[in-house]
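The structure displayed is predicted, hence computed values, not measured ones.
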Amino acid sequence: MKERITINELKKRPYTKKRSYGVLRIIFSRTFIIMLLIVVEFAFYIFLSNFILNDALRGAFGVIIRIISTIYLFNTSKLQNSYKLTWILLFLSAPIVGLAFFLLLYVSLNNSKVTKNLETSIINTMPFFKKDIDSIYKSNLEKDEQGIFNYMTKYANSFAYKSENIKYYSFGKDYFEDLFVDLQNAKKFIFIESFIISNGIILDIILDILKKKIKEGVVVRLMYDGMSSLISIPLDFDKDIRKLGIECKKFKPLTPFVDSYHNNRDHRKIIVIDDNIAYTGGFNIADEYANIIERFGIWKDTGVRICGEAARSFTLFFLQIWNMTEEKVLDIDYDKFLLKDISLEEDIIDRNDNKKYSYLMPYTDYPKDLENVSNELFKNILNASNEYVYIMTPYLIIDESMINTIISASKRGVEVRIILPHIPDKKYAFALSRSYYRILCENGIKIYEYEKGFVHGKVFLSDNKRAIVGSANLDFRSLYMHYECGIYIYNSKVIKNIYKDFNDTFKECIYMDTEKINKLNKIEKIAGILLRIIAPLM
């Protein structure tokens, strides 16, 4: 066992690399870059339409686009109603520009290739999952749980493992300290997939460990999102990492034009070690996640560590995306990464055993398929709950369907509480989140803001028996556009720890009752209402 590296000791270390914030961070932020590209493209297409078409032709062409687009949007099942409304408004106000953007975002040239690669990659990995997709759960599950399990196994390709080998983290300190130990003890391989990687002490420690592991013959693969790490690490970071012997990929690097390929970011957080240990949750690789540095007060995040057979799902999830990004999906020797001494038969649910078990169900969510897994799972939990649902999320930017599901649960007598940040990381997202407070509060939902800082955890907890810990926020991008992952937990002892974390956090929150909501900044209220019109595209 290696020596434990503690966060308290790391806080005493000098910074080896400085990070810039302020104006530069805003200029190079994902939102600013996307908005800048959109403005440039709008200007380009407006110029193009004015140059090619005279007023009469442009007017006739605009009418035709409005009629056809409205008919199409009303009849398509590929877009949510909130997206349809936003697009209809765009088509009505700027039909030619709207058409150009719609083609760019939803009829991308990359779409068919990426989708085909993903489908092939998923098919290649499916034989290595444990599959219990029949109605074998009926003897072991309560009736209100059977629907969730049936959906997850039949439509989300998520499979159940009987296991208590799970640890919950309510802050980054213990998460990273355990992670450092596990990385140092790796024998076979290390897979790391992160939405954000930032220069700092956490990254330095991880890279020092990975360099040692490479010398020991451990296979190391690192993948990070190509847009979200634009200013937090050098542009050629991936090239430098490959020089160390680490296989490294930048997921969908930013290109001059926005299209659906680049609009779907890899928001997953996965770390797998030796096919036997897996980490997931909200933690990215950056110092603020361990509260080594302070950005928005105390950084409150959550995650889990699982051991044993259930970790294999995350090995396969990682390989699916790794292969999807190849020019051509590779034939992989999966036996190279899958431990032979983990029996897939050991934890298969016994059809004739009536004992109640603890189940772990790792899952992933892809924007290219027809299943919005995170969205459906959240709704299923709300619908199955009888006593309470506690939610922790950094953003609350939701469509009418989710609003109605939350309100419906409250009207059935379910106590619904939602924890959000009090110190925001993005002012526009904060204004959008607060724009939902009134309607939720009027329908009995209790809203809490974490007074000490920024909440980045993504957790659902229900009735002391089911929970989700993962990477998906309660916002449009996570629910419909990003690659996400998480773990569904049922009847596990770890539920007590999650419940305790919620109750500890409630005590550190401001309860946003009607009086406080009425006193919120009026400009912020107006901004939130206006932003909701374009929220699906943000």
Pair Y359 + F149: ring centers closer than 6.0 Å | yes
Separation of F171 CZ from F176 CZ (nearest 0.5 Å) = 13.5 Å
Around K452, counting heavy atoms of other residues, nucleotides and ligands shown, do more than 12 lie under 6.0 Å from its NZ?
-> no
Can you measure from CE (M324) to CD1 (I122) and round to the nearest 0.5 angstrom?
-> 9.5 Å
Sidechain-backbone polar pair: K525 side chain, I517 backbone, donor-acceptor under 3.5 Å = yes
Y175 vs F283 aromatic rings, parallel, tilted or perpendicular, using cut-offs 30° and 60°?
-> parallel
For G226 against R265, the heavy-atom pair lying closest together = N-NH2, 3.5 Å
Salt-bridge contact R295-D425 (side-chain N to carboxylate O under 4.0 Å) | no
Let me see the working for R412 and N386 under side-chain hydrogen bond (donor to acceptor under 3.5 Å, both in side chains), right down to the final yes or no.
-> CA-CA 8 Å; R412 286 189 293 106; N386 294 308; 4.5 Å; no
K516 NZ: over 12 foreign heavy atoms closer than 6.0 Å = yes
Check the side chains of Y289 and D301 for a donor-acceptor pair under 3.5 angstrom, ignoring hydrogens and angles.
-> no
With a 6.0 Å cut-off on ring centres, are Y390 and Y388 close enough?
-> yes
Does the side-chain contact (heavy atoms from CB on, under 4.5 Å) test come out yes or no for M152 and L377, once each step is laid out?
-> CA-CA 8 Å; M152 293 298 286; L377 182 55; 3.8 Å; yes
Would you confirm whether the ring centroid of F502 sits within less than 6.0 angstrom of the ring centroid of Y499?
-> no
side-chain hydrogen bond (donor to acceptor under 3.5 Å, both in side chains) between N157 and Y363, worked out | CA-CA 7 Å; N157 291 324; Y363 68 91; over 6 Å; no
Take atom CD1 in I439; do more than 12 heavy atoms of anything else shown fall under 6.0 Å from it?
-> no
Could you please spell out the steps behind the salt bridge (Lys or Arg N to Asp or Glu O under 4.0 Å) verdict for K493 and E164?
-> CA-CA 7 Å; K493 294 177 182 177; E164 281 289 357; 5.6 Å; no
Minimum heavy-atom distance between S492 and I166, given as atom pair plus value | OG-CG2, 3.9 Å
Is the backbone N or O of S385 less than 3.5 Å from a side-chain atom of S462, with the two atoms forming a donor-acceptor pair by type?
-> no
With a 6.0 Å cut-off on ring centres, are F251 and Y224 close enough?
-> no
Backbone of A472 reached by a side-chain donor or acceptor of H267 within 3.5 Å = no
Side chain of K522, backbone of L520: donor and acceptor closer than 3.5 Å?
-> no
Does R268 pair with E484 as a salt bridge, N-O distance under 4.0 Å?
-> no
Give me the ring orientation class for F296 and W299: parallel if the planes are under 30° apart, tilted from 30 to 60°, perpendicular past 60°.
-> tilted
Which pair of heavy atoms, one from G200 and one from D287, lies closest together, and at what distance?
-> CA-OD2, 3.3 Å
Compute whether any side-chain donor of one residue and acceptor of the other, for Y395 and K426, lie under 3.5 angstrom apart.
-> yes
Check whether more than 12 heavy atoms from other residues, nucleotides or ligands sit under 6.0 Å from atom CD of E400, and answer yes or no.
-> no
Does any N or O in the side chain of T153 come within less than 3.5 Å of the main-chain N or O of N150, such that one atom is a donor and the other an acceptor?
-> yes
Knowing that exactly one of I391, L432, I403, L420 qualifies, which makes a side chain to side chain contact (heavy atoms under 4.5 Å, CB included) with L396?
-> L420
Is a side-chain donor-acceptor pair under 3.5 Å present for S401 with K379?
-> yes
Relative to F454, does K300 satisfy both conditions: NZ or CZ under 6.0 angstrom from the six-membered ring centre, and within 45 degrees of the ring's axis?
-> no
Which atom of V272 lies closest to which atom of A311, heavy atoms considered | CG1-O, 4.3 Å
Only one of I447, V459, T393, T505 forms a side chain to side chain contact (heavy atoms under 4.5 Å, CB included) with I419, so which one is it?
-> T505
On the 0 to 90° scale, with breaks at 30° and 60°, tag the F506-Y448 ring pair as parallel, tilted or perpendicular.
-> tilted
Check: Y450 ring centre within less than 6.0 Å of H422 ring centre | no
Evaluate side-chain contact (heavy atoms from CB on, under 4.5 Å) for T280 paired with V469, printing each intermediate quantity in order.
-> CA-CA 8 Å; T280 193; V469 181; 5.8 Å; no
Counting only N and O atoms by type, is there a donor-acceptor contact under 3.5 Å from the side chain of D266 to the main-chain atoms of D225?
-> no
Check: S471 side chain, G282 main-chain N or O, donor-acceptor pair, under 3.5 Å | no
Side-chain donor/acceptor of K250 to backbone N/O of L235, under 3.5 Å | yes
Taking atom types as modelled and ignoring hydrogens, do the side chains of N491 and S358 form a donor-acceptor contact shorter than 3.5 angstrom?
-> no
Test side-chain hydrogen bond (donor to acceptor under 3.5 Å, both in side chains) applied to E449 and Y437, step by step | CA-CA 11 Å; E449 288 187 355; Y437 283 12; 2.7 Å; yes
Looking only at heavy atoms, the pair that brings Y436 and I398 closest together is OH-O, 2.9 Å
Roughly how far, to the nearest 0.5 Å, is CD1 of I197 from CG of L207?
-> 8.0 Å
To the nearest 0.5 Å, tell me how far L203 CG sits from I201 CD1.
-> 11.0 Å
So, R305 and N165: side-chain donor and acceptor under 3.5 Å apart, yes or no?
-> no
Find the distance between CG (N497) and OH (Y168) and round it off to the nearest 0.5 Å.
-> 9.0 Å
Determine, step by step, whether K167 and D178 satisfy the salt bridge (Lys or Arg N to Asp or Glu O under 4.0 Å) criterion, reporting the C-alpha distance in whole Å, the side-chain angles of both residues, the deciding distance to 0.1 Å, and the verdict.
-> CA-CA 10 Å; K167 181 176 181 179; D178 283 357; 2.7 Å; yes
Looking only at atom types and distance, does a side-chain atom of N264 sit under 3.5 Å from a main-chain N or O of M481, one as donor and one as acceptor?
-> yes
Where do E177 and R4 land on the side-chain contact (heavy atoms from CB on, under 4.5 Å) test, with the steps shown first?
-> CA-CA 7 Å; E177 289 181 0; R4 190 173 183 85; 3.3 Å; yes
Quick one: do the D365 and Y483 side chains pair a donor with an acceptor below 3.5 Å?
-> no
May I have the step-by-step check of salt bridge (Lys or Arg N to Asp or Glu O under 4.0 Å) for E524 and R434, ending in yes or no?
-> CA-CA 9 Å; E524 183 185 75; R434 282 184 158 183; 3.0 Å; yes
Gap separating the OG atom of S194 from the CG atom of N284, nearest 0.5 angstrom = 4.0 Å
Stepwise, does the side-chain contact (heavy atoms from CB on, under 4.5 Å) test hold for I487 with Y161?
-> CA-CA 11 Å; I487 186 162; Y161 302 86; over 6 Å; no
Could you tell me whether the side chain of D399 and the main chain of M402 form a donor-acceptor pair under 3.5 Å?
-> yes
